[in-house]
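What follows is a set of notes on a single structure, which appears directly below.
Residues take their numbers from the sequence shown, with the count starting at 1. None of the values given here were measured: they were computed from a predicted structure.
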Amino acid sequence: QVQLVESGGGLVQAGGSLRLSCQVSGGTFSYYAVGWFRQAPGQEREAVTLMSRGGSDTYYASSVQGRFTISRDNAKKTVYLQMDRLKPEDTAVYYCAIRRTILTTPLSVQPGSYDYWGRGTQVTVSA
C-alpha cells in the first residue's frame with residue numbers, strides 16, 4: 001500500500017523559508033510523477049509545483065515561480081519543497097501527491113489526476 005507523509009510545515013514570518021518533505025512508502029517511487037498542492041480556507045486545491053518521474057520536467061504556479069523549488073530523491077523515496085521569500089498569501093495546507101505515469105506523460109495540474117495523497121501539513125506565514 002502506498003502512503004505519503006508530509007513534514008516541515010509551521011509558522012514563519014514573511015520573507016522567511018521553510019522546507020517541506022514528503023516521504024513515500026510502498027510502490028516503485030521512480031514510476032511516479034510528483035507534485036505539491038495547497039489549499040487555503042474557502043479556496044480550491046491548486047497545483048503549486050510538479051515534477052515528472054524522470055525529474056526533467058517541472059511546473060511552477062506563477063505565484064511561486066522563482067521562490068519555490070521542487071526536488072526529489074528517488075533513493076530516499078522523498079519529495080522536497082523548498083519555499084523561500086514566503087508571503088502571507090502562501091498560507092495554506094500543503095499536500096504532496098504522486099501519479100503513476102509513463103515517461104511521455106505530460107504534467108497535470110488537475111488534482112483528480114493524482115493517485116495518492118498525503119494528509120497535508122499546515123504552512124502559516126505571518127505578516
| field | Any donor-acceptor N/O pair, Thr124 side chain to Leu11 backbone, under 3.5 Å | value | no
| Residue pairs fulfilling side-chain hydrogen bond (donor to acceptor under 3.5 Å, both in side chains) with at least one residue in residues 51-64, sequence neighbours excluded | Arg38-Ser63
| said: Are Thr49 and Phe68 packed together at the side-chain level, in the sense that at least one heavy-atom pair is separated by less than 4.5 angstrom? | reply: no
| message | As an exercise, state the distance from CE of Met51 to OG of Ser71, rounded to the nearest 0.5 Å. | response | 6.5 Å
| Using a side-chain heavy atom cutoff under 4.5 Å and only I, L, V, M, F, W and Y, what cluster partners does Ile102 have? | none
| said: For residues Phe29 and Leu107: do they belong to one hydrophobic cluster (side chain heavy atoms under 4.5 Å, members Ile, Leu, Val, Met, Phe, Trp, Tyr)? | reply: no
With a 3.5 Å cut-off and sequence neighbours excluded, list the donor-acceptor pairs that the side chains of residues 80-89 form with protein atoms.
{"residue": "Gln82", "atom": "NE2", "partner": "Asp84", "partner atom": "OD1", "Å": "2.9"}
{"residue": "Asp84", "atom": "OD1", "partner": "Ser17", "partner atom": "OG", "Å": "2.8"}
{"residue": "Arg85", "atom": "NH2", "partner": "Gly66", "partner atom": "O", "Å": "2.7"}

| request: Determine which pairs satisfy salt bridge (Lys or Arg N to Asp or Glu O under 4.0 Å) with at least one residue from residues 64-78, sequence neighbours left out, and list them in order. | output: Arg67-Asp90
| Co-membership, hydrophobic cluster, residues Trp36 and Val12, 4.5 Å side-chain | yes
| said: Checking Phe37 now: which residues fulfil ring-ring contact (aromatic ring centres under 6.0 Å, His included) with it, not counting sequence neighbours? | reply: Tyr114, Trp117
| With a 4.5 Å heavy-atom cut-off, do Val24 and Thr78 have their side chains touching? | no
| Which pair of heavy atoms, one from Ala127 and one from Ala14, lies closest together, and at what distance? | CA-CB, 4.4 Å
| Student check: side-chain heavy atoms of Thr121 and Leu20 closer than 4.5 Å | yes
| Are Tyr95 and Cys22 close enough that some pair of their side-chain heavy atoms sits under 4.5 Å apart? | no
| task | Using atom types as modelled and distance alone, determine if a side-chain donor or acceptor of Gln39 lies under 3.5 Å from a backbone N or O of Glu44. | result | no
| Which heavy atom in Leu50 sits nearest to a heavy atom in Ala47, and how many Å separate them? | CD2-CB, 4.4 Å
| Residue pairs fulfilling side-chain hydrogen bond (donor to acceptor under 3.5 Å, both in side chains) with at least one residue in residues 96-111, sequence neighbours excluded | Ser108-Ser113
| Flag side-chain contact, heavy atom, 4.5 Å: Val2 against Asp115 | no
| query | Checking side chain to side chain donor-acceptor pair (under 3.5 Å) for the pair Ser21/Gln23: CA distance, chi angles, key distance, verdict? | reply | CA-CA 6 Å; Ser21 299; Gln23 179 69 55; over 6 Å; no
